[in-house]
**Q** 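One structure coming up, written as structure tokens, with questions to follow.
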Amino acid sequence: ENIFSKRGESLKEQLAARTALIKKLSDEKILTVIDASQRAQLLIGAQKITAELIDTLRGIYAGSLEEGKEAILSLNKLAQAIFAAFENRDEGSAAGISLAVSEMESAVKQSLKARKEILFLPVRAAWWSTMEPVWEIASADKKAHVNVMPIKWYDKSIYGEIGEAHETAADYPDDLNTISEEEYDISKRRPGCIVIQFPFDSTNAEITIDEKYFSYKLREYTDKLIYIPCYDAASPREGDKVSRSALSSLIEQPAVAFSDLIILPDEAMRRLYIEVLTGLMGEDTGDMWEKKIRSLEKMGISELRTLFG
């Protein structure tokens, strides 16, 4: 692994850490022996974290509350058990919290295991064709929630000043059922997979997108960031140094580095990416790029489906 593979805690890790903290704060062995003031402080802490978890899951399941129903219900039961422990100091109330925590932990794990949410972030309608084959395969999975959210792009002046915003949602196929940026909060929904196509983040001199959609930021809100290049470029012929140089400038971009997976149209382009990136970052990174970069030419439908979890 290299520096680009590092990221913050995943959603599952965050939820596990909060659950562990609730367990620690509501340990029945401790609650039954400490004084009333200390007990109240611990229970208040546990109740606060439980409330935060409820808000987190409501955000995650905003588009499909039915799927998160049991997990959220288990958290509400835990909150009730903690509240009851304020009134009763006996061992039964403490044991009730312990039981509620176990049930909640199981319900949350089960809901996350069954969850499959995929978000596509196209930038321009003219570039949709490069994403479409992968979107079609993802959409065919009846267990997956697939959303397409076109994001605005902005002109940049020669001085780097951000100019006019361009919205192209109306230019996409009518049957695509796109959603707007206002409808979907990535930081709360935390989709299991995000598919992007803009390689530059802030490095392009002519156009840019909102910073919150830069690859290094998006990877903090998903377990898998997939990059599909926006340009439908042909692989250069043997000895074509001009085309190779032009493609190299598209390969050496942030989205290539920060994504977990890169999907290219064919094996020739895949070999070029691996060659350029290995030459740039060192021969010892070759195995990493071999695993990270895939081609539609070699991947079957079943294999593509497994990429989304």
Side-chain angles (χ1 to χ4, degrees), residues 1-7 10 118-123 127-138 141 146 191-204 209 213-309:
E1 292 188 341
N2 71 340
I3 188 172
F4 300 115
S5 67
K6 296 178 180 177
R7 52 164 35 107
S10 68
I118 307 162
L119 177 65
F120 284 79
L121 297 178
V123 177
W127 294 342
W128 173 245
S129 60
T130 64
M131 268 187 169
E132 191 171 22
V134 177
W135 168 79
E136 287 176 344
I137 291 170
D141 186 345
V146 181
C193 178
I194 298 178
V195 186
I196 60 174
Q197 64 172 179
F198 192 74
F200 309 109
D201 285 0
S202 63
T203 64
N204 190 283
I209 56 177
Y213 298 123
F214 286 178
S215 57
Y216 77 92
K217 291 204 170 184
L218 287 176
R219 75 196 308 274
E220 295 301 322
Y221 300 115
T222 183
D223 293 331
K224 183 174 288 185
L225 184 65
I226 296 179
Y227 168 61
I228 301 173
C230 58
Y231 299 113
D232 189 10
S235 302
R237 295 178 181 177
E238 189 70 30
D240 187 349
K241 295 182 179 179
V242 175
S243 295
R244 181 186 174 86
S245 176
L247 283 169
S248 293
S249 67
L250 293 175
I251 295 171
E252 299 168 10
Q253 294 297 335
V256 173
F258 289 110
S259 61
D260 298 298
L261 185 72
I262 299 163
I263 299 179
L264 301 172
D266 55 55
E267 278 297 296
M269 186 67 78
R270 177 176 178 268
R271 295 315 317 170
L272 176 62
Y273 265 66
I274 293 171
E275 183 181 336
V276 169
L277 292 165
T278 302
L280 179 67
M281 300 191 67
E283 292 296 325
D284 59 330
T285 66
D287 287 344
M288 179 189 72
W289 298 118
E290 289 279 354
K291 295 175 183 177
K292 180 172 175 174
I293 302 172
R294 314 289 288 279
S295 75
L296 288 174
E297 182 181 8
K298 286 285 187 180
M299 299 172 69
I301 292 176
S302 59
E303 186 177 358
L304 266 169
R305 284 177 176 167
T306 63
L307 297 179
F308 301 114

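Below, all heavy atoms of this structure are taken into account, side chains as well, without hydrogens, waters or symmetry copies. Remember, it's a predicted structure, so these values are computed and weren't measured experimentally.
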**Q** With no hydrogens and no angle check, is any side-chain donor or acceptor of Arg294 less than 3.5 Å from a backbone partner on Arg270?
**A** no
**Q** So which atom in Ala255 and which in Phe198 form the shortest heavy-atom distance, rounded to 0.1 Å?
**A** CB-O, 3.7 Å
**Q** Any idea which heavy atoms bring Asp260 and Asp223 closest together, and the distance?
**A** OD2-O, 3.8 Å
**Q** Compare every heavy atom of Ala138 with every heavy atom of Val146, then report the nearest pair and how far apart it is.
**A** CG2-O, 3.6 Å
**Q** Distance from Gln253 atom CD to Ser248 atom OG, nearest 0.5 Å?
**A** 11.0 Å
**Q** Where does the angle between the aromatic ring planes of Tyr231 and Trp127 fall among parallel (under 30°), tilted (30 to 60°) and perpendicular (over 60°)?
**A** perpendicular
**Q** Within the 4.5 Å heavy-atom criterion, are Leu277 and Thr285 side-chain neighbours or not?
**A** no
**Q** Does Ser259 reach the side chain of Ser215, with side-chain heavy atoms less than 4.5 Å apart?
**A** no
**Q** Out of curiosity, Ile226 CD1 to Leu121 CG, how far, rounded to the nearest 0.5 Å?
**A** 12.0 Å
**Q** Let me confirm one number: the CD1-CE distance from Ile263 to Met131, rounded to the nearest 0.5 Å.
**A** 10.0 Å
**Q** Measuring only between side-chain heavy atoms, which start at C-beta, is Val256 closer than 4.5 Å to Pro199?
**A** no
**Q** Is Leu218 close to Phe258 at the side-chain level, that is, under 4.5 Å between some pair of heavy atoms?
**A** no
**Q** Please report the C-alpha distance between Val134 and Phe120 in whole Å, then the side-chain angles of each, then the deciding distance to 0.1 Å, and finally whether the side-chain contact (heavy atoms from CB on, under 4.5 Å) criterion is met.
**A** CA-CA 10 Å; Val134 177; Phe120 284 79; 4.2 Å; yes
**Q** State whether the side chain of Lys224 and the backbone N or O of Leu307 hold a donor-acceptor pair below 3.5 Å, judged by distance alone.
**A** yes
**Q** With a 4.5 Å limit on heavy-atom distance, are the side chains of Phe214 and Ser202 in contact?
**A** yes
**Q** If you look at every heavy atom in Leu119 and Pro191, which pair is closest and at what distance?
**A** CB-CG, 4.1 Å
**Q** Please report the closest heavy-atom contact between Thr278 and Gly286, naming both atoms and the distance.
**A** OG1-CA, 3.7 Å
**Q** Between Thr222 (side chain) and Gly192 (backbone), is there a donor-acceptor pair under 3.5 Å?
**A** yes
**Q** Check whether Thr130 reaches the backbone of Asp232 with its side chain - one donor and one acceptor, N or O, closer than 3.5 Å.
**A** no
**Q** I'd like to know if the side chain of Gln197 reaches the main chain of Val123, judged simply by a donor and an acceptor atom lying under 3.5 Å from each other, with no hydrogens or angles considered.
**A** yes
